[in-house]
Amino acid sequence: MPTLKEVIKPLIPRELWDKVPRSFDIIGSRSGAVAIIEIPPELENYKFVIGETIIKLNKHVKAVLRRVGARESEFRLYRYEVLVPGPTEVIHKESNYLIKVDPTKAYFSPRDQGDREDIARQIMPGEVILYPFAGVGPYAVTILKRQSLVKLVIAIELNEYAYYYMLDNIKLNKLEGKVLPLLGDAAKLMESFCGVDRVILTLPLGAHKFLRQSLTCVRNGGIVHFYHLGTEENPYGDAENLVRNYCNELGYECQVINRRVVRDYAPYVYKVRLDIKVGKF
Ligand SMILES: C[S@@+](CC[C@H](N)C(=O)[O-])C[C@H]1O[C@@H](n2cnc3c(N)ncnc32)[C@H](O)[C@@H]1O
């Protein structure tokens with residue numbers, strides 16, 4: 001299949017060719033998809049041509065959105081400019097599971113798939129997992145589709161739209177009884193579930209505010225997956241300092257058993273993950 005760049009070249013001036021984005025996200029499946037693209041200001045006059053070209057390139061794409069600015073608010077949503085109008089609620093197919101979402105209303109990124117699967121590979125039978133920033137529930141779904149012997153995933157979400165999509169995703173993937181979905185603020189709800197085997201803190205911009213509580217909440221020998229932002233020169237430095245400081249303060253023996261650059265977050269900034277084994281003696 002030709003790339004966007006190849007198809008768009010004859011339609012725009014030569015000096016703008018290198019401004020055409022190399023890639024864009026597609027969320028959805030054969031039943032309908034939405035394409036999400038970042039377009040630089042130099043291509044302002046060609047944005048609708050780009051939108052129409054994406055539709056021609058991928059017959060499943062029914063709507064094209066242009067990302068405007070960075071993710072905003074506690075719900076971590078982008079603002080979008082509509083380039084090609086169409087339905088934005090889609091069912092995204094990944095591996096052996098389905099994720100229903102409207103990306104204009106709830107966070108979801110297909111770029112997190114590798115990280116979700118990496119976490120899922122670590123899960124042991126019988127685990128109870130606390131998942132405080134659950135969004136539409138993709139980590140819970142990925143984990144349970146890989147490790148069906150998990151006892152329970154407690155999934156907390158603040159955004160009502162995301163919460164209701166999570167309920168749909170539990171049904172779509174036949175995971176009833178394996179997820180306890182809760183609508184509300186993790187800051188208030190987390191403490192009711194202390195003693196869990198694992199905490200997954202998928203909020204890179206704010207997880208540090210919940211790190212102390214997570215370290216306290218996980219059982220002796222349990223794991224906290226801590227997401228944070230890091231620079232190109234020292235991706236894990238800030239995250240490791242936070243972990244060290246809290247563990248010292250709490251008197252815990254914390255061991256970072258895994259470090260991972262999950263993906264780019266902004267120019268020269270990465271979303272990183274530390275897997276921390278928490279010893280309480
Ligand atoms: C970066 S998204 C990750 C969502 C999901 N884990 C995923 O990977 O698709 C963070 C999510 O946390 C939710 N959130 C933010 N603050 C929260 C809070 N205090 N309590 C519960 N959920 C919160 C947001 O609405 C958003 O859906």
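In this chain, residues are counted from 1 in sequence order. Note that the coordinates shown come from a computational prediction; the quantities given were computed from them, not determined experimentally. Indexing begins at 1, ligand by ligand and atom by atom, following the structure's order.
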The criterion is ring-ring contact (aromatic ring centres under 6.0 Å, His included); which residues satisfy it with F108, sequence neighbours excluded? H92
Starting from the N and O atoms of ligand 1, collect every protein N/O partner closer than 3.5 Å and put each pair on its own line with the distance to 0.1 Å.
| from | atom 1 | to | atom 2 | distance (Å) |
| --- | --- | --- | --- | --- |
| ligand 1 | 6 (N) | Y131 | OH | 2.9 |
| ligand 1 | 6 (N) | F133 | O | 2.8 |
| ligand 1 | 6 (N) | T202 | OG1 | 2.9 |
| ligand 1 | 19 (N) | D185 | OD1 | 2.8 |
| ligand 1 | 20 (N) | A186 | N | 2.8 |
| ligand 1 | 22 (N) | L158 | N | 3.2 |
| ligand 1 | 25 (O) | E157 | OE2 | 2.6 |
| ligand 1 | 27 (O) | E157 | OE1 | 2.9 |
| ligand 1 | 27 (O) | E157 | OE2 | 3.2 |

Stepwise side-chain hydrogen bond (donor to acceptor under 3.5 Å, both in side chains) test for Y107 and D112: CA-CA 11 Å; Y107 176 100; D112 292 332; 2.9 Å; yes
Could you work out, with salt bridge (Lys or Arg N to Asp or Glu O under 4.0 Å) as the rule, every residue matching D25, not counting sequence neighbours? R67, R111
For a side-chain hydrogen bond (donor to acceptor under 3.5 Å, both in side chains) check, start with the C-alpha distance between Y165 and E89, then their side-chain angles and the critical distance, and finish with the verdict. CA-CA 10 Å; Y165 279 123; E89 183 182 272; 2.6 Å; yes
Sorted by chain and number, sequence neighbours left out, salt bridge (Lys or Arg N to Asp or Glu O under 4.0 Å) with K105 holds for D102
Ring-ring centroid check F210 H208, cutoff 6.0 Å: no
